[in-house]
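Proteins get letters first, then strands, A, B, ... in listed order; numbering begins at 1 in each.
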There are 2 protein chains.
Amino acid sequence: MSRNVSVVSRTRTDTRERVLTAGLRLFTRHGYFNTTTHDIARESRVSIGAIYHHFRDKEGIARGVYTMLLERMVDIIQDIHRLHSSTHDRCRALMAVLFKLAEEEPEAMEFMLHAKHREFLPTETPVCSSKPFAMMRDFVREGAQRGEIRAIDPMVASVSLFGGAIRMIIARLDGVVERALPEYLDEVWACGWRAVAP
Amino acid sequence: MSRNVSVVSRTRTDTRERVLTAGLRLFTRHGYFNTTTHDIARESRVSIGAIYHHFRDKEGIARGVYTMLLERMVDIIQDIHRLHSSTHDRCRALMAVLFKLAEEEPEAMEFMLHAKHREFLPTETPVCSSKPFAMMRDFVREGAQRGEIRAIDPMVASVSLFGGAIRMIIARLDGVVERALPEYLDEVWACGWRAVAP
DNA sequence: TTGATGAGAACGAATGCTCGTTCTAGTATA
DNA sequence: TATACTAGAACGAGCATTCGTTCTCATCAA
C-alpha cells in the first residue's frame with residue numbers, strides 16, 4: 001500500500017527485531033536470569049519504555065525469541081521435505097543443515113537446544129516435543145512405513161538417527177570439538193544411518 | 001521455644017546432606033533461579049543460618065550438589081570398567097545403568113544432563129567435558145584401538161554409540177516417552193552398536 | 001556428681017541491594 | 001490534532017546474605 005505505512009511498520013518491526021536479537025545474544029551468552037531488561041535495553045539501543053511497549057514483560061521477550069527460532073526452523077524443515085523425497089535424503093539434508101546452522105548461528109542453536117526453557121517459559125512445551133523435533137520424528141516414522149528404515153520403535157529410530165548429530169552439536173557448542181561440524185558430517189551421517197538402515 | 005528436641009541430635013554431615021538433597025530436588029523441579037535459599041531451608045528443615053554455616057553461598061550449594069552427583073557417577077563407571085573387559089560389554093552395561101538411574105533418580109539425572117550449569121556455576125566446565133563423559137569417551141577410544149569398534153574419529157564414535165541413549169533419556173525426562181527406559185534398552189543398544197561396530 | 005568453660009552448630013529477624021515494571025513527559029508521524 | 005512510539009527516572013517487591021544470639025555437648029576441675 002502506501003509507502004508511509006510500510007515505513008512505519010518497518011521501524012516498528014525493526015525495534016522489535018533489535019530487542020529479539022539482543023535478547024537472543026544475551027540470554028545465550030549469560031543466561032536468562034543473568035540478563036536484566038536493562039542489559040537488553042543497552043545492547044539493543046532501545047529504551048526500557050520502548051521494550052515494554054512491544055513486550056508484555058521479560059518473559060515475553062524470551063517467548064518471542066523462542067518462537068522466532070522455532071518458526072525459522074520449521075520453514076527450513078519444510079523446505080527440505082519439499083526438496084527431497086526419500087527418507088535417506090531428507091534426513092541427511094536435515095543433518096547437514098543443522099551442522100551448518102550450528103556453525104553460522106551458534107547462539108540460535110544453543111538457545112534452541114541447550115537452554116532449559118521450562119525454567120523461564122513455564123508454559124512452553126519442552127524443546128524435544130516442539131514442532132521441529134516432531135517433524136524430525138515424522139520423517140523417520142514415514143521412512144519406517146515405507147520400509148526405508150528398519151521396523152523399530154519410531155522414537156528409538158529417531159533418537160538413534162539424529163542423537164549422535166545432536167550430541168555432536170552440543171559438544172561443539174561447549175567447545176569440546178575443535179574442527180567445524182560439517183567436516184564430521186559424512187562420518188556422523190554414516191553412523192546414524194547404519195543404526196537404522198534396513 | 002524448644003526445637004530440635006529429638007533424641008538423636010543432628011550430625012554435621014547429616015545437615016549438609018539434607019541441604020544437598022533439598023537443593024537437588026528444588027533446583028531440578030523449579031530451576032536454580034526459581035529456588036530461594038529460604039525454599040531450601042524450608043524443604044530441608046535446616047535454618048537459613050545453618051545453611052550459611054555449611055555453604056559459602058547459594059552457588060556453593062549448587063556446586064555441592066553437582067560434585068556429589070559427578071562423584072557418584074564416576075564410581076559407577078569405574079565399577080563397570082572393573083566388571084567387564086570388552087568394549088561391547090562395558091558400553092552396554094553403562095547404557096543399562098544410565099537407563100536404570102534415569103528411572104530411579106530422575107532428578108539426579110536431570111540435574112546432570114539437562115541443567116545448564118554454566119548459567120549458575122560459571123567456573124565449572126560444561127557437563128560433556130566432565131569426568132564421567134570423558135570416561136565414557138575413553139571406553140570408546142580404547143575400543144577403537146583394540147579394533148572392537150570401527151576406526152572412526154573417537155568423538156564421532158562416542159556420540160554415535162551413546163547419543164541415542166542420551167537423547168532417549170532426555171526425552172523420557174521431558175515426558176515425551178511413555179514406557180520405562182529399560183524396556184527400550186535392547187533396541188537402543190542395537191542401534192548404537194550397529195553405528196560403530198566394525 | 002556438679003558446675004564452669006568454650007567451641008562448633010543452629011537460629012531467624014533485619015538489612016540492603018538488585019532488577020522487573022510503571023509512570024510521566026516528551027517526540028515523531030498521519 | 002491524535003496516535004504511535006520513545007525516553008529514562010523512580011518505585012518497590014523479592015531475595016541473598018549478615019549478624020547477634022542461643023543451643024548442644026564434650027571436657028575438666030572441684
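- For the atom pair CG (B:D138) and CE (B:M135), the distance works out to 8.0 Å, reported to the nearest 0.5 Å.
- Remark: C1' of C:dC19 and CD1 of A:I51 are 13 Å apart, rounded to the nearest angstrom.
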What donor-acceptor contacts under 3.5 angstrom involve side-chain atoms of residues 86-99 of chain A, with partners at least two apart or in another chain?
from: A:S86; atom 1: OG; to: A:D89; atom 2: N; distance (Å): 3.0
from: A:S86; atom 1: OG; to: A:D89; atom 2: OD2; distance (Å): 3.4
from: A:T87; atom 1: OG1; to: A:E148; atom 2: OE2; distance (Å): 3.3
from: A:R90; atom 1: NE; to: A:H84; atom 2: O; distance (Å): 2.8
from: A:R90; atom 1: NH1; to: A:H81; atom 2: NE2; distance (Å): 3.3
from: A:R90; atom 1: NH2; to: A:H84; atom 2: O; distance (Å): 3.3
from: A:R92; atom 1: NH2; to: A:D186; atom 2: OD1; distance (Å): 2.8

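- Straight-line distance from the CZ atom of A:F55 to the C1' atom of C:dG20: 15 Å, rounded to whole Å.
- We find that CG of A:D39 is positioned 13 Å from P of C:dT18, with the value rounded to whole Å.
- Put simply, CZ on B:R18 is 14 Å from C1' on C:dA9, counting in whole angstrom units.
- In this structure, the side-chain contact (heavy atoms from CB on, under 4.5 Å) partners of A:A102, at least two apart in sequence or on a different chain, are A:M109, A:I169, A:L181.
- The phosphate of D:dC5 (OP1 or OP2) has a side-chain N or O of A:H53 nearer than 4.0 angstrom.
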Only distances under 3.5 Å count here; give the side-chain donor-acceptor pairs of residues 62-79 of chain A to other protein atoms, sequence neighbours excluded, each with its distance to 0.1 Å.
from: A:R63; atom 1: NH1; to: A:T123; atom 2: OG1; distance (Å): 3.0
from: A:R63; atom 1: NH2; to: A:E59; atom 2: OE2; distance (Å): 2.8
from: A:T67; atom 1: OG1; to: A:R63; atom 2: O; distance (Å): 3.2
from: A:T67; atom 1: OG1; to: A:G64; atom 2: O; distance (Å): 3.2
from: A:R72; atom 1: NH1; to: A:E105; atom 2: OE1; distance (Å): 2.9
from: A:R72; atom 1: NH1; to: A:E105; atom 2: OE2; distance (Å): 3.4
from: A:D79; atom 1: OD1; to: A:R82; atom 2: NH1; distance (Å): 2.9

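- The CD1 atom of A:I40 sits 12 Å away from the C1' atom of C:dC19 (whole-angstrom rounding).
- Summarising the local packing, CZ of B:R56 is surrounded by 12 or fewer heavy atoms from other residues, nucleotides or ligands at distances under 6.0 Å.
- Here the P atom of nucleotide C:dA10 and the CZ atom of B:R42 are 19 Å apart, to the nearest Å.
- Scored by the side-chain contact (heavy atoms from CB on, under 4.5 Å) test, B:M155 finds A:M168, A:A171, A:V176, A:V177, B:R137, B:D153 as partners (sequence neighbours excluded).
- When each of D:dT6, C:dG20, D:dC15 is scored by its nearest atom to the side-chain atoms of B:T36, the top-ranked nucleotide is D:dC15.
- Listed by chain and number, the residues in a side-chain contact (heavy atoms from CB on, under 4.5 Å) with B:T35 are B:L26, B:F27, B:H30, B:D39, B:I40 (sequence neighbours excluded).
- Atom CZ of B:F33 is separated from atom C1' of D:dC15 by 13 Å (rounded to the nearest Å).
- Across the interface with DNA chain D, nearest-nucleotide mapping of A:S47 and B:Y32 shows A:S47 to be the residue nearer the 5′ end.
- Residue B:T15 has a polar side-chain atom (N or O) positioned under 4.0 Å from OP1 or OP2 of C:dA10.
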Table of protein N/O atoms under 3.5 Å from nucleotides 21-23 of chain C N/O atoms:
from: C:dT21; atom 1: OP2; to: A:Y52; atom 2: OH; distance (Å): 2.7
from: C:dT21; atom 1: OP2; to: A:K58; atom 2: N; distance (Å): 2.9
from: C:dT21; atom 1: O4; to: A:H38; atom 2: NE2; distance (Å): 3.2

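- Between A:D14 atom CG and D:dA4 atom P there is a gap of 19 Å when expressed in whole angstrom units.
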